[in-house]
Student: 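Please find one structure pasted underneath; my questions will follow.
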Amino acid sequence: MWDVEPDSDASDTDTIVQTALDETRPGSIILLHVMYPSRAASLDAIPGIVDGLRAEGYRFVTVSELLDMQSS
């Protein structure tokens with residue numbers, strides 16, 4: 001299950017990005033609600049989240065890959 005939901009209380013892109021960067025830990029799953037038209041800020045936050053996490057040394061994997069890592 002996800003453990004980071006940065007757009008649950010935030011409505012602006014910068015806050016969503018900062019919340020995601022602050023709350024993400026190794027093994028985190030980030031949930032964003034980009035499927036709703038009213039969530040343009042969430043969609044706009046994705047590049048900042050990806051760039052910020054990569055700068056911190058994180059890499060991105062599928063959920064299946066993550067679960068395989070945790071079971072090893």
Side-chain angles (χ1 to χ4, degrees):
M1 180 156 234
W2 71 89
D3 63 325
V4 179
E5 190 177 7
D7 62 354
S8 62
D9 293 326
S11 60
D12 68 279
T13 300
D14 291 337
T15 302
I16 294 168
V17 170
Q18 193 58 55
T19 301
L21 298 180
D22 290 346
E23 294 182 3
T24 298
R25 305 287 177 258
S28 284
I29 297 174
I30 301 170
L31 173 68
L32 292 170
H33 301 89
V34 299
M35 68 290 241
Y36 301 116
S38 63
R39 296 297 186 114
S42 297
L43 188 58
D44 293 342
I46 293 172
I49 293 170
V50 170
D51 291 346
L53 291 175
R54 282 191 174 143
E56 292 180 20
Y58 285 95
R59 64 186 180 95
F60 295 86
V61 299
T62 66
V63 172
S64 296
E65 290 172 309
L66 179 63
L67 293 175
D68 285 344
M69 285 182 227
Q70 292 178 343
S71 66
S72 299

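A quick note: this is a predicted structure, and the numbers were derived from the prediction, not measured.
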Student: So how far is it from W2 CH2 to I29 CD1, rounded to the nearest 0.5 Å?
Tutor: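 With rounding to 0.5 Å, CH2 (W2) is 10.0 Å from CD1 (I29).
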Student: Of V4, I49, L43, which meets side chain to side chain contact (heavy atoms under 4.5 Å, CB included) against L32?
Tutor: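 That would be I49; it is the only one of V4, I49, L43 passing the side chain to side chain contact (heavy atoms under 4.5 Å, CB included) with L32.
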Student: Less than 4.5 Å apart, any side-chain heavy atom of E23 and any of E5?
Tutor: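 Not touching, per the 4.5 Å side-chain cut-off.
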Student: Can you check whether D7's main-chain N or O pairs, donor with acceptor, with R39's side chain at less than 3.5 Å?
Tutor: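 Yes; at least one donor-acceptor contact below 3.5 Å.
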Student: For the residue pair A20 and P6, what are the closest heavy atoms and their distance?
Tutor: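 Between these two residues, the closest heavy atoms are N-CB, 3.7 Å.
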Student: Do R54 and E56 make a side-chain contact, defined as non-hydrogen atoms from C-beta onward lying under 4.5 Å apart?
Tutor: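 Contact flag for R54/E56 side chains = no.
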Student: Looking at Y36, I'd like to know if its OH atom is crowded, meaning that more than 12 non-hydrogen atoms belonging to other residues, nucleotides or ligands lie closer than 6.0 Å.
Tutor: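 Counting other residues, nucleotides and ligands, OH of Y36 stays at 12 neighbours or fewer.
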Student: When clusters are formed by joining ILVMFWY residues with side-chain heavy atoms under 4.5 Å apart, either directly or through shared neighbours, do L66 and L31 land in the same one?
Tutor: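 Yes, same cluster.
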Student: Checking Q18 against T15 for the side-chain hydrogen bond (donor to acceptor under 3.5 Å, both in side chains) test, could you report, in this order, the C-alpha distance in whole Å, the side-chain angles of both residues, the deciding distance, and whether it holds?
Tutor: CA-CA 5 Å; Q18 193 58 55; T15 302; over 6 Å; no
Student: Is D9 atom CG crowded by more than 12 heavy atoms from other residues, nucleotides or ligands, each under 6.0 Å away?
Tutor: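 No, not enclosed.
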Student: Are Y58 and P26 side-chain neighbours, meaning at least one heavy-atom pair lies under 4.5 Å?
Tutor: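 In short, these two side chains touch, coming nearer than 4.5 Å.
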Student: Does V34 belong to the same Ile/Leu/Val/Met/Phe/Trp/Tyr cluster as I30, with side-chain heavy atoms less than 4.5 Å apart forming each link?
Tutor: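 Yes, same cluster.
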Student: I'd like to know if the side chain of T19 reaches the main chain of I16, judged simply by a donor and an acceptor atom lying under 3.5 Å from each other, with no hydrogens or angles considered.
Tutor: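 Such a contact is absent between T19 side chain and I16 backbone.
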Student: Between T13 (side chain only) and A41 (backbone N and O only), is there a donor and an acceptor less than 3.5 Å apart?
Tutor: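 At least one qualifying donor-acceptor pair exists.
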